[in-house]
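Report on the following structure.
Bear in mind the structure is a predicted one, so any value in this text is a computation, not a measurement.
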Amino acid sequence: MTVISRLPGALEEEWDWQFAGACRGADSQLFFHPAGERGQAHDDRDRAAKAVCARCPVRERCLLHALAARERYGVWGGCTEEERRGMLRRRRRNRAYAG
């Protein structure tokens with residue numbers, strides 16, 4: 001579940017980037033896998049979602065949102081949940097080494 005306390009405030013400028021998303025109007029099932037989806041079907045859906053993200057003008061902003069909010073599911077900013085978890089682990093590890 002998304003960590004609600006990490007979400008930006010209710011200010012329009014914090015959310016209006018979503019209006020420019022290439023995914024706007026697309027079927028959300030493309031970005032969120034159904035329970036139990038595995039193998040080739042999972043990989044194909046992820047690839048199709050990432051193809052939409054690849055042409056998105058707000059891809060970076062979307063990914064930053066997903067990382068900040070700790071979005072646990074779906075493809076956000078062209079990255080799967082596994083890829084985002086890896087990014088967050090590396091970020092924590094780098095902070096630990098720098099500290």
Side-chain angles (χ1 to χ4, degrees):
M1 175 166 287
T2 300
V3 179
I4 294 173
S5 65
R6 294 181 181 275
L7 293 175
L11 301 173
E12 182 178 345
E13 58 270 10
E14 295 291 335
W15 297 97
D16 63 353
W17 60 269
Q18 294 179 6
F19 290 116
C23 62
R24 189 167 166 83
D27 186 349
S28 64
Q29 290 181 6
L30 179 62
F31 300 93
F32 298 93
H33 65 82
E37 181 185 65
R38 302 270 187 272
Q40 192 64 45
H42 182 271
D43 295 345
D44 289 347
R45 188 197 40 74
D46 275 351
R47 259 192 300 283
K50 288 179 171 192
V52 173
C53 296
R55 67 176 200 274
C56 184
V58 293
R59 178 181 177 182
E60 184 176 341
R61 180 65 182 91
C62 181
L63 178 57
L64 291 173
H65 161 78
L67 292 169
R70 304 296 196 269
E71 292 286 356
R72 291 180 57 185
Y73 302 105
V75 174
W76 290 80
C79 295
T80 65
E81 51 262 24
E82 295 86 8
E83 292 165 336
R84 291 192 310 277
R85 277 194 299 271
M87 290 175 186
L88 292 170
R89 272 193 304 274
R90 285 188 296 279
R91 185 186 289 173
R92 282 191 301 272
R93 205 174 3 210
N94 288 341
R95 284 188 195 136
Y97 291 133

Legend entry - Taking every non-hydrogen atom, the tightest pair across Phe31 and Ala26: CE1-CB, 4.0 Å

Inset, instruction - Please tell me if the side chains of Trp76 and Cys53 come closer than 4.5 Å, counting only heavy atoms from C-beta onward. - result: no

Inset, instruction - Give a yes or no on whether the backbone of Arg72 and the side-chain of Glu81 come within a donor-acceptor separation of less than 3.5 Å. - result: no

Legend entry - Heavy-atom pair of closest approach, residues Cys56 and Ala22: SG-N, 3.3 Å

Legend entry - Exercise: identify the closest heavy-atom pair between Arg24 and Phe19: CD-O, 3.2 Å

Legend entry - Arg59 side chain to Gly21 backbone, donor-acceptor under 3.5 Å: no

Inset, instruction - Could you tell me the separation between the CE atom of Met87 and the CG atom of Leu63, rounded to the nearest 0.5 Å? - result: 5.0 Å

Inset, instruction - Taking salt bridge (Lys or Arg N to Asp or Glu O under 4.0 Å) as the test, write out the residues that go with Glu60, two or more places apart. - result: none

Inset, instruction - I would like to know whether Glu71 and His65 meet side chain to side chain donor-acceptor pair (under 3.5 Å); could you show each step before the answer? - result: CA-CA 8 Å; Glu71 292 286 356; His65 161 78; 3.2 Å; yes

Legend entry - Within one Ile-Leu-Val-Met-Phe-Trp-Tyr cluster: Val52 and Tyr73, side-chain cutoff 4.5 Å: yes

Legend entry - Intermediate values then yes/no, side-chain contact (heavy atoms from CB on, under 4.5 Å), Arg91 and Asn94: CA-CA 5 Å; Arg91 185 186 289 173; Asn94 288 341; 5.8 Å; no

Legend entry - Main-chain N/O of Cys79 paired with Arg84 side-chain donor or acceptor, under 3.5 Å: yes

Inset, instruction - Give, for atom CG of Asp44 and atom CG of Leu30, the distance between the pair rounded to the nearest 0.5 Å. - result: 11.0 Å

Inset, instruction - Find out whether Arg70 and Leu88 are in side-chain contact, i.e. whether some heavy atom of one side chain is under 4.5 Å from a heavy atom of the other. - result: yes

Legend entry - For the student: nearest non-hydrogen atoms of Ala20 and Pro57, plus distance: O-CG, 3.3 Å

Legend entry - Sub-4.5 Å side-chain heavy-atom contact between Arg45 and His33: yes

Legend entry - Main-chain N/O of Pro34 paired with Glu37 side-chain donor or acceptor, under 3.5 Å: no

Inset, instruction - Kindly indicate whether the side chain of Glu83, heavy atoms from C-beta on, has any atom under 4.5 Å from the side chain of Lys50. - result: yes

Legend entry - Residue Arg38 excluded, over 12 heavy atoms near CZ under 6.0 Å: no

Inset, instruction - For atom CD of Glu82, decide whether the heavy atoms of other residues, nucleotides or ligands shown that lie under 6.0 angstrom number more than 12. - result: yes

